[in-house]
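Below is one structure, written out as C-alpha cells, with a few remarks after it.
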Amino acid sequence: MESVRRATPVSEKTYDPHAIEPKWQASWESEGLYHITEDTGRPKKYVLEMFPYPSGDIHMGHVRNYTIGDVIARQSTMRGFEVLHPIGWDAFGLPAENAAIKSDSHPAKWTYANIETQKASFRRMGFSYDWDRALATCDVEYYRWGQWIFLKMWERGLVERKSSAVNWCPSCMTVLANEQVVGDGVCWRCKTPVVKRELEQWYFKITDYAQRLLDDLDTLPGWPERVKTMQANWIGRSEGAEVDFELAGADGEPSGETITVFTTRPDTLFGCTFFLLAPEHSLVKSLVEGTEYAGAVQEVVDLAAKESSVERSMGEREKHGAFTGRYVVNPVNGEKVPIWVADYVLMDYGTGAVMAVPSGDERDFEFARQYGLPIVPVIVPEERRERYDSAVLGHVPQEVDWDEAYSGPGVMVNSGKFDGLPGGKDSEGFRAVTESLAEQGKGRFSVNFRLRDWLISRQRYWGNPIPAIHCPTCGLVPVPEDQLPVVLPMDIDITKGQTLADHPEFYQTTCPRCGGSARRETDTMDTFTCSSWYYLRYCDARNDSASWDPDKAGYWMPVDQYIGGIEHAILHLLYSRFWTKVFFDMGLVPSGEPFTNLLTQGMVKLDGSTMSKSKGNVVAPEDMIERYGADALRAYILFMAPPDKDLEWSYEGLDGMFRFLGRAWRLVTEIAEETAGGCGVAAAGDAAAQKLRREMHRVIGKVTDDVERFQFNTAISAMMELVNAANAYRGEVAQGARDLALMREVAVTLTLLLAPFVPHMAEELWRGVLTEDGSVHRQAWPEFDPSAAAAEEVELAVQVNGKVRGRITVPVELDDEEVIEIALSEVASHVEGREIKKVVVVGGRLVSVVVG
RNA sequence: GGCGGUGUAGCCCAACUGGCAGAGGCAGGGGACUUAAAAUCCUCACAGUCUGGGUUCGAAUCCCAGCACCGCUACCA
C-alpha cells in the first residue's frame, strides 16, 4: 500500500480550544440558543441533573454529572425534542453558616459568591442550560413557595409537631431526620456521632404515604434496581400480627392493663419464654420503682442512654438486660412470662416491646443463653419433630441442643391445638394463630413499617423559616397565606452563632388569629424540603403568583431523565417522591412520580479512592480546562467508563483524548480544504469508497444506539473508528482520485455526531470550517441507514467440533444450505470419513460442524 | 450478618445478551518525517476472560459452589 501522506498542511489552523470555546459560549448566549418554550409542537423531553450545593469550585463529580446530562439534552434536541434542561442551586444549608463564621462574613454573601463561581465554571464547560430558568433556593422568590407548600401540607394534615427522642448532631447544633443519620450513626454532613434527645419538633407525615411509596416503585422500570431495593428496604414493610399481652400486677394477679407487641412470627407465640421492653419504654420506671429490681434495671437504662451517645462500634454489640420482677400473661396459653428490659429492643420500631422467642429468633436465642432463660422449641423441621415434641417426650422441653435459633419453615410443636400445622413466615400456622387471637380480641393481623416521619425542623439560621406562630392562647397557628413570605432576616451576627431564636425583631409578633402577642417559630426547614420540588419550579421559574402553573407542570412533568449520585438513593429521591404524591393528590402535577428514568453516575476516583480535599487527591476541573479545554475534559470523562460505574482518573488518558480531538479536527479541516472547490456528484465509488461509506453508516448506527443506552464510552470509540477509517481511505486513495462528495459527507456526519460531546469544537467545525448555516446544535441528528451499512459479503468462521478450521467469504444473500455446502468443502479434510451429526449456521458469524 | 455491584492484555475498557475473546484509548516496542527534537503519521506485540464444577455443537456471557475487591445496610422483633 502506497503511503500518501500529506506534506505540511496548506493551512496551519490547528485545534485550539482556548480560542474557540469562549467565542461560542458568548455567541450561544447572545443568540439565546438554549432558551426554550413550551409551544413548539415538538415532543417534550425534560432532562435534569441533580442541582449542586454551591460549595465553591466545581469538582470532577460535577463535571461527570452535568456532562452526561448535557450530552443527553443536546442529542435529544438534535433528535427533534423540545428539551427542558435547567440548572439551579441548592443554596440553603449549614456549610454556608460554618464558612461565614470562619471568614467573618454572611452566609448569603458566601453562597451567592459561590454560585457565581460555579455558574462561571458551568459556562466554561459549555453546558446547554436555559439560564432564564436558573434559581437558588435561598432566593425569597423561591423559598416563599416552599412556605406555601408547608401550609398546604398542614391543611392536609401532613404536618405534625410532636415530642420524641430525636437525633441531635452536637457539631451542627441541630436535629436531623432519620435518613440523615448515616453509616455508623453519624451526621450525613459532618460525620459527627449523633446523640438522642427528647425534643418537640416538626414532622411531615411521610408514613401516611409509606405503602404508596413502596407500591409505586413497581411503576419505575427506568430506575436502577438497587436504588429501588434501597428504598424498599428503608420503607421496610413487615407483615405480621399485633399481640396483646396482659400485664400481671405486682401481686401476680391479672391487672387488666395490656402491652401490645408487633411480631412477624405469631406462629412462634407458644415459644415465648420472656418478654422485653426497650430501656426507653415509658412503663419501665413504674414497673420496678421501689423494688429490689430497680437498681439492675436502671443500670441497663443508663447504659443504653450512654451507648446511643457513644459512637456505635461495628458488628454485633453485646446485649444487656435485667429482670423487672414482673410478668405478662401469654394470651395463647395463659402462662406467666417474665418481663425483662433489654438494650437490643428499639423504642422507635414497632411498639418498643417484644415477645421473645429464643428458639426462633437469633437475638432472643443469644439473650436467653446469656441470662439462662428457657428455650422452648416450637417450630422444627419435620424430620426432627420427634426429638422436641412434648406429645412424644411427655413434657415440654425447656432447652434445645442447638447452637443457634431456627427461624426457617417447619412444623409446629409444643403449641397446643396448633401442633402439626406448618409454621414459618406467612405459613398456615402464622394465619391460624393470628385468627385465633383475633377471635378472642387479643391480637390482629398487622403491617409495620420501618419508615418513620420526616423530621423537618432545624435549629439553624440559613434555611427556609417555618411559617408558624406560637400563640399562648390559640396554640400553634399557621402564618396566613397572604402574609407570606416569612422573610429570613439578613441582619444577624453569624460569627456569634446567632440563629433566629436570637433575633427578637423576627420572633416577636402577633397572633394572626387573636391578635395577641405571640412568638414566631424560629426553626428553619430541612434543606431537603427545598430540593423536593425544585424540578417543578423550573417548569415555571419566574411565576410570582404561584409556586408553578399546573398547566406548565402538566406539559413538562414528569422528568424524563434524571441524573445524579447514588448517595441520594434514599434521601432526596424518597422525599421528592413523597412530595410529588402530595402534589398529585392536590391536582398540581400530572403524575405521582417525579422521575421516570434515573441514571446514577459512578464516582470519580484517583488511585482507587474518592477525591477529597482532606485526602489531598483532588484533580481540579478548572486546571484541566485550562490545559486541554472543556471539550476534551467532557469527552474524556465520558470515555473512561460507562456512566454508572466508578472511574479511575488518568492524566495520560486525557492527553489521548486531546490527541483524538486534534485528529478529528485535522480530518475535517483537511476535507474542507480539499472540497472547497466543490464536491462533484456522488458516484457509486470504488471498493475503498464503498467501504468508507459502509463504515460511516455503521458508526451512525452505533453512536445513535450507544447514546440511547448511555454507553458514551463506546459511542466515542465508534467516532474514533470513523476518523481512523477516513484516514485509512485517504491513505489508500491518492489525492485527486478521492470521492469528494463522500469525504464531505463523512466530515459533516462526524461533526454532527461529535456535537453533543464536544459542543464548541463541533460548532467551530460546522460554522467556521465547513461553513454550514446555523448552529450545529440545531441540526438534525444523522439518519442511520441500515442498508447503507450492510456489507455485500461476509466472512464466516467454519468450526469443526468447536475448533475454527477454516474461513469462507460468502455473499450475504446466500441461504443456509448454500453456506453449509461451501463451508463443508472448505473444511473437507477435517470432515472426511466421519459422520456429520449436526451443522449450525449463525448468520453473519460462523458455521459450526459437529462430526462423530 | 443481609442486599447489591465488579472481576477480560501492564492499565482504562469492548464484545450485537450464548457464536471466531478485542472495538477504542493509555502505556510500551519498531518505523516514517526532521539536521535534531517535539508534534504528527504508519506499524507491532501482549490476555484465553478470578477459581472449581455443570448445561450446550459452542460459555466472558446461563446454572451451582467458592475467592477477591468495592458499595449500601445492619440488634427492625
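All values below come from the heavy atoms of this structure, side chains included, with hydrogens, waters and symmetry mates left out. All figures in this text were calculated on a predicted structure; none of them were measured in a lab.
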Can A:Lys319 be said to sit on top of A:Tyr344's aromatic six-ring, NZ or CZ under 6.0 Å from centre and within 45° of the ring axis? yes

About how many Å separate CZ of A:Arg265 and CD1 of A:Ile379, when rounded to the nearest 0.5 Å? 5.5 Å

Does A:Asn713 reach a base, just sugar-phosphate, or nothing at all? Heavy atoms under 4.0 Å. sugar-phosphate

Heavy-atom side-chain contact between A:Phe365 and A:Ile375 under 4.5 Å: yes

It should be established whether A:Ser238 places a side-chain nitrogen or oxygen under 4.0 Å from OP1 or OP2 of nucleotide B:rA77. yes

Taking atom types as modelled, is there a side-chain donor on A:Arg237 or A:Asn448 under 3.5 Å from an acceptor on the other? no

Say you pick atom C1' in B:rC42 and the same atom in B:rG52; how far apart are they, in whole Å? 45 Å

What contact category does A:Phe639 fall into here, base, sugar-phosphate, or nothing, at under 4.0 angstrom with non-hydrogen atoms? base

Is the shortest side-chain N/O distance from A:Arg226 to OP1 or OP2 of B:rU73 below 4.0 Å? no

Across the strands shown, which category fits A:Arg709 at heavy-atom distances under 4.0 angstrom: base, sugar-phosphate, nothing? nothing

Using a heavy-atom cut-off of 4.0 Å across all strands, would you classify A:Gly656 as base, sugar-phosphate, or nothing? sugar-phosphate

Atom CE of A:Met720 and atom P of B:rC26 are separated, to the nearest Å, by 7 Å

Below the 4.0 Å mark, does B:rC75 have OP1 or OP2 next to a side-chain nitrogen or oxygen of A:Lys319? no

Looking at every strand, decide which applies to A:Asp348 at a 4.0 Å heavy-atom threshold: base, sugar-phosphate, or nothing. nothing

With rounding to the closest Å, how many angstrom separate the P atoms on B:rA45 and B:rU34? 28 Å

As a test of the definition: with a 90° window around 0 for syn, would you call B:rU17 syn or anti? syn

Which value, in whole Å, describes the distance between the P atoms of nucleotides B:rU51 and B:rC11? 15 Å

Gap in Å between the two C1' atoms, one belonging to B:rC57 and one to B:rC3, rounded: 38 Å

Is there a donor on the side chain of A:Arg663 or the base of B:rC41 sitting less than 3.5 Å from an acceptor on the other? no

Please work out if A:Ser650 contacts a base, only the sugar-phosphate, or nothing of the nucleic acid, heavy-atom cut-off 4.0 Å. nothing

Taking atom P in both B:rA60 and B:rA9, compute the distance separating them and give it to the nearest angstrom. 14 Å

Rounding to the closest angstrom, what is the interatomic distance between B:rU49 and B:rG7 at atom P? 14 Å

Would you state whether a donor and an acceptor, one from the side chain of A:Ser717 and one from the base of B:rA23, lie under 3.5 Å apart? yes

Rounded to the Å, how far apart are A:Gln799 CD and B:rG18 C1'? 12 Å

Can you find a side chain N or O atom of A:Arg363 that sits less than 4.0 Å from OP1 or OP2 on B:rC76? yes

Give me the ring orientation class for A:Tyr371 and A:Phe367: parallel if the planes are under 30° apart, tilted from 30 to 60°, perpendicular past 60°. tilted

With rounding to whole Å, what would you report as the distance between B:rC12 and B:rA65 at their C1' atoms? 31 Å

Counting just side-chain N and O atoms, does A:Arg659 come under 4.0 Å of either OP1 or OP2 of B:rC26? yes

Sub-6.0 Å ring centroid separation between A:Phe658 and A:Tyr636: no

Taking atom C1' in both B:rC64 and B:rA21, what distance in whole Å separates the two? 24 Å

